[in-house]
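All remarks here apply to the structure that follows.
All ligand and atom numbering here is 1-based and tracks the order in the structure.
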Amino acid sequence: MTIHMRGSAGNDSPIRLVIHGGAGSVKSGQGPEREQAYREALAQSLIAGHAVLAAGGNSIDAVIAAITVMEDCPLFNAGKGAVLTHDGRNELEASIMEGATRAAGAVAGVTTIRNPIRAAHAVMTKSAHVMLIGQGAEIFAAKQDLEIVDSSYFYTRHRWNQLQKAIAKESILLDHDAGLDTLPGEDEKRGTVGAVALDCQGNLAAGTSTGGLTNKHPGRVGDSSIIGAGTYADNRSVAVSTTGTGEMFIRTAAAFNTAAQVRFLHAPITAAADNTLEEIAAIGGDGGLIVLDADGNYAIRFNTGAMFRGTIGEDGIARTGIFPGPETPALSC
Ligand code: ASP
């Protein structure tokens, strides 16, 4: 849980990328190899996004690059390896927002789009809409030449086992809290993913992608695809991506709530994030969020035992963390 101060915004803004791979009740003690696997996956995501920013690319493309790496990595609850609905299907959702224009795009209830974050971006840039769901979203994505896969691509046997446990307990589980008190085993992947970025033009962007909750009702949509709940970006305040008990993040309009505190109350970003988490806790939710402003200041806050997370700036050093404490170098580029 940290805040860092950086220089002022402008055409030579300090570049910055902050990511998360989900928050939850994970505790330490599962061994350094497993932690290292997560940290390396987070570092790969950071390095992919940083490459875009360091080459003068924009924050939206950096967010897409970072999230695509995590969607393709079965360690996380997004894209391949996502959790299953009550009837054993992967229903994915994602959203993205650009801080300069407040353009936004989202998809939900999709089962065949390999990278839902790319589909959310296509909705933002190539449709007249903000959100498309289900088959309509999939037909649209195919027309945009996005990669379509058989729904079995997302499936893992271990997600199936996790679902059977949740059904037996008659519970709907946040991925990170799926009855585990250690780091996820090789077979128990977890973690909604998200990214916020600031490019050298001083423009912010945010994105989030998930498979949602284990044993969720078919058709359930969480916060991750809801602009203002799971994702928000506005150059006048901050870019935000959230993870946690989605229903409570929707009810508190968590991402917009955080941005509004910064914009209208001039709240420091850490205080704004903490206020949002307090509101969420007050109605029985938990989780975390990443916040980045147009000066490059960022906050990573969570009220769970852990949050998979990382950040990278101009020095190109990928810093990652899982448990409370400062993010530390994992890999550098
Ligand atoms: N917020 C996500 C959802 O409710 C879950 C998560 O962040 O792990 O779908």
- Counting from 1, what ligand 1 atoms have a heavy atom of Ser224 closer than 4.0 Å? 1 (N), 2 (C)
- Query: Just by distance, do the side chain of Glu93 and the backbone of Ser225 share a donor-acceptor pair under 3.5 Å?
  - Reply: yes
- Asn77 side-chain N/O to Gly211 backbone N/O, donor-acceptor pair under 3.5 Å: yes
- Message: Which of the numbered atoms in ligand 1 are under 4.0 angstrom from any heavy atom belonging to Thr243?
- Response: 6 (C), 7 (O), 8 (O)
- Message: Tell me whether Ser13 contacts the main-chain N or O of Ile15 through its side chain, where contact means a donor paired with an acceptor under 3.5 Å.
- Response: no
- Gly212 heavy atoms within 4.0 Å reach ligand 1 at atoms 9 (O)
- Any N/O pair Thr242/ligand 1 closer than 3.5 Å: no
- Task: Please confirm whether the backbone N or O of Gly230 pairs with a side-chain atom of Thr208, one donor and one acceptor, at under 3.5 Å?
- Result: yes
- Message: Check Arg220 with Glu247, please: is the shortest side-chain N to carboxylate O separation under 4.0 Å?
- Response: yes
- Item | Pick from Thr210, Thr214, Asp223: the one approaching atom 3 (C) of ligand 1 most closely through a non-hydrogen atom | Asp223
- Note on the structure: Out of Glu93, Arg220, Met248, the nearest non-hydrogen contact to atom 9 (O) of ligand 1 is supplied by Arg220
- Item | Main-chain N/O of Phe323 paired with Arg309 side-chain donor or acceptor, under 3.5 Å | yes
- Out of Gly246, Gly244, Gly285, Ala108, the nearest non-hydrogen contact to atom 2 (C) of ligand 1 is supplied by Gly244
